J.: 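Take this structure first; my questions come after.
Both backbone and side-chain heavy atoms feed into the values below; hydrogens, waters and symmetry mates do not. Whatever order the structure lists them in is the order used to number ligands and atoms, beginning at 1. The shown structure was predicted, so the numbers you read here are calculated from the model rather than taken from an experiment.
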Amino acid sequence: EVFTALVHMEGLVSLEKELLGGLESYLELERQRLGRVEQFADRVRLALTSASQDPSTHLSDPVNAYQLVNRFTNGWATLHDHVYEDNAQGLMANISYYNFRFPDTEDFTGAVTAILRLQDTYRLSPSLITSGKLGTTTTLPMTSEESFQLAMDVYDSKDYRYARDWMKETLRLLDEEGHSSTVDLSDVYDHLSFAEYKLGNLKRAAHYTRLMLQNDPTHARAQRNVAYFEELIRTEPEKYINQDDERGEEGEGETAESRESMTQYERYQSLCRGPWPLPKEYDSELTCFYYDNHRTPSLVIRPVKVEVVFHKPRIFMLRGILSEREMDRLKELAGPILKRATAKNADSGKDEPAHYRISKSGWLSSKHDPLGYVDRIDRRIEDFTGLTMSTAEQLQVVNYGIGGHYEPHYDFGTDEASFTDGKDRNRIATVLFYLSDVELGGATVFPIVGARIQPFKGDAAFWWNLKKSGEGDMLTRHAGCPVLVGTKWVCNKWIHEGGQEFRRRCGLTPNEESYGHSL
Ligand SMILES: O=C(O)CCC(=O)C(=O)O
Ligand SMILES: [Fe+2]
């Protein structure tokens, strides 16, 4: 599939350019073909204007007589050749040749799910989405067909609330476009009515079915349905009339109090939309400094610009830690090895694509990189953290897909077996490099504590995953918010406990905080 990494969708643009080239030549050949047929028709029309007035005078001229005979033997009799001239075969052969590179239904459903995720997380109206005015790039507004195809995919997945939103948006677009569309109005009313029925809004279901009947009075099922809905409304109103029927559809706005009652997932989404206000005194404790980690030679020459952006857990931003050239190199090296993240299905035990993580990633070792960029970055991490990289994981480069996200998680292993045995043990700290800016969305958020980091190309975030006791710091739960507009590239370096014994002293009590003020 391609939808899980935008960089893998770039190939589709050149593919489509190729296909359009084929389509243009087909159209040109067809225009020429029709031109020839049209020319013949013009000629016949002209001749007939004079001939049909007075055929006998017309035919008294031998040239006219010759032309008439000629039109039959060389015109009508051979018209077949022009009408059936086959330009389609070449076109279709070209398309089938490239067919294997086409996105498939999984991609389509992935793209639809992405749109819904963005709509949900960022509280976007369908009309804003179809307007194509989310970002600053030029985008064609969505057509009623595109909106309907999205609505149908949602409808087929039985998500009736969103199906309703998108059927209604399709109606709005049909009305706005005001010209013919391949979308059948009755079809939209039909699905909209069923969605309302499933949502328990019988009055609305009946309303849309009546509109369907206005459009198509002989539709037998619609007639029966109207009668059925009316019967239910009359006989069992308390059971069938949802309060929604009486109320508006819009959800309530977000208030400070409503944050309290939010589910964890809602808190995460709310944080993705914007930072939570922090207490005033908080700001004064945020600091920034140049850091050379006890006069580490490379850092004396070029100290790291550090900002403390959060206290508990302490989150450090290392500004401008990677150069443009290094970031280009990381993306270039990772491009060919990017693979979709998978997770074990608890029931089947099989690896399956993980829906909670829409991205592709690849691991870079210095073996991939004869030019030494990977080694140099490793050494820099070792310099500013003072931690050994000998037990760290390789650099993991990640490219997000359409609406790509990574739901709240811990970087450290929470189950006993996964990280706590073996000599490398658990992930003591994370360095998260941002290899791109993101135009809208795509923040890294810490939903338990309300911290939010907007990606800036070249920066890295650093935090300790473990407390001094080696216990996981439960406040470090974090997530990558859905990318609304832009491309998001990040790169993880996970540093392990093994080998740090003389570099970082562990704590003596279970609840000692994480490691320190400077990194
Ligand atoms: O992309 C992000 O902002 C977070 C990524 C992350 O947490 C991870 O890859 O473990
Ligand atoms: Fe993470």
J.: Counting from 1, what ligand 1 atoms have a heavy atom of Trp494 closer than 4.0 Å?
T.: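 The atoms of ligand 1 under 4.0 Å from a heavy atom of Trp494 are 10 (O).
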
J.: Of the protein's non-hydrogen atoms, which lies at the shortest distance from atom 10 (O) of ligand 1, and what is that distance?
T.: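 Protein heavy atom at minimum distance: His409 NE2, 3.1 Å.
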
J.: Going by the order shown, which atoms of ligand 1 are within less than 4.0 Å of some heavy atom of His478?
T.: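 In order of numbering, the contacting atoms are 7 (O).
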
J.: Give me the residue, atom name and distance of the protein heavy atom closest to atom 5 (C) of ligand 1.
T.: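 Result for atom 5 (C) of ligand 1: Tyr400 OH, 3.5 Å.
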
J.: How far is atom 2 (C) of ligand 1 from its nearest protein heavy atom, and which residue and atom name does that atom have?
T.: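 For atom 2 (C) of ligand 1, the nearest protein heavy atom is Lys488 NZ, 3.2 Å.
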
J.: Within the 4.0 Å heavy-atom shell around Tyr406, which atoms of ligand 1 are there?
T.: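 Close to Tyr406: 6 (C), 8 (C), 9 (O), 10 (O).
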
J.: Using a strict cut-off of 4.0 Å, indicate which atoms of ligand 1 neighbour a heavy atom of Thr444.
T.: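 The atoms of ligand 1 under 4.0 Å from a heavy atom of Thr444 are 2 (C), 3 (O).
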
J.: Give, rounded to 10 degrees, the angle between OD1 (Asp411) and NE2 (His409) as seen from the Fe ion (ligand 2).
T.: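 With the Fe ion (ligand 2) as the vertex, the angle is close to 90°.
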
J.: Between Lys360 and Asn399, is there a donor-acceptor pair closer than 3.5 Å when you use the side chain of the first and the backbone of the second?
T.: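 Such a contact is absent between Lys360 side chain and Asn399 backbone.
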
J.: Do the side chains of Ser157 and Tyr162 get nearer than 4.5 Å, heavy atoms only?
T.: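 They are not in contact (no side-chain heavy atoms under 4.5 Å apart), so the answer is no.
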
J.: Under the criterion salt bridge (Lys or Arg N to Asp or Glu O under 4.0 Å), I'd like the reasoning laid out for Glu196 against Lys168: C-alpha separation, chi angles, the key distance, then a yes or no.
T.: CA-CA 11 Å; Glu196 291 285 16; Lys168 284 178 75 173; 5.4 Å; no

J.: Going by the atom numbers of ligand 1, which of them fall below 4.0 Å from some non-hydrogen atom of Gly480?
T.: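 What qualifies from ligand 1 is 2 (C), 3 (O).
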
J.: Any idea which part of Tyr410 is under 4.0 Å from ligand 1, heavy-atom wise: side chain, backbone, both or neither?
T.: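 Answer for Tyr410: neither.
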
J.: Charged N to carboxylate O under 4.0 angstrom, Glu382 versus Arg376?
T.: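 No, Glu382 and Arg376 are not salt-bridged.
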
J.: Within ligand 1, which atoms have a heavy atom of Asn492 less than 4.0 Å away?
T.: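 Near Asn492, meaning under 4.0 Å from one of its heavy atoms, ligand 1 has 8 (C), 9 (O).
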
J.: Do you know which two heavy atoms are closest between Ala151 and Trp166, and how far apart they sit?
T.: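 Smallest heavy-atom distance, with atoms named: CB-CB, 3.6 Å.
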
J.: Taking Glu16 for its side chain and Val13 for its backbone only, find out whether a donor-acceptor pair lies under 3.5 Å.
T.: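 The answer is no, because no donor-acceptor pair under 3.5 Å joins these two groups.
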
J.: Report yes if the side chains of Glu169 and Arg164 come closer than 4.5 Å at any heavy-atom pair, otherwise no.
T.: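 The answer is no; the side chains never approach within 4.5 Å.
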
J.: Tell me whether the guanidinium CZ or amine NZ of Lys488 lies under 6.0 angstrom from the six-membered ring centre of Tyr400 and within 45° of its axis.
T.: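 Judged by the rule, Lys488 and Tyr400 form a cation-pi pair.
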
J.: Quick one: look at Asp411 and ligand 1, take heavy-atom pairs under 4.0 Å, and tell me if it's side chain, backbone, both or neither.
T.: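 Side chain only; the backbone of Asp411 stays clear of ligand 1.
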
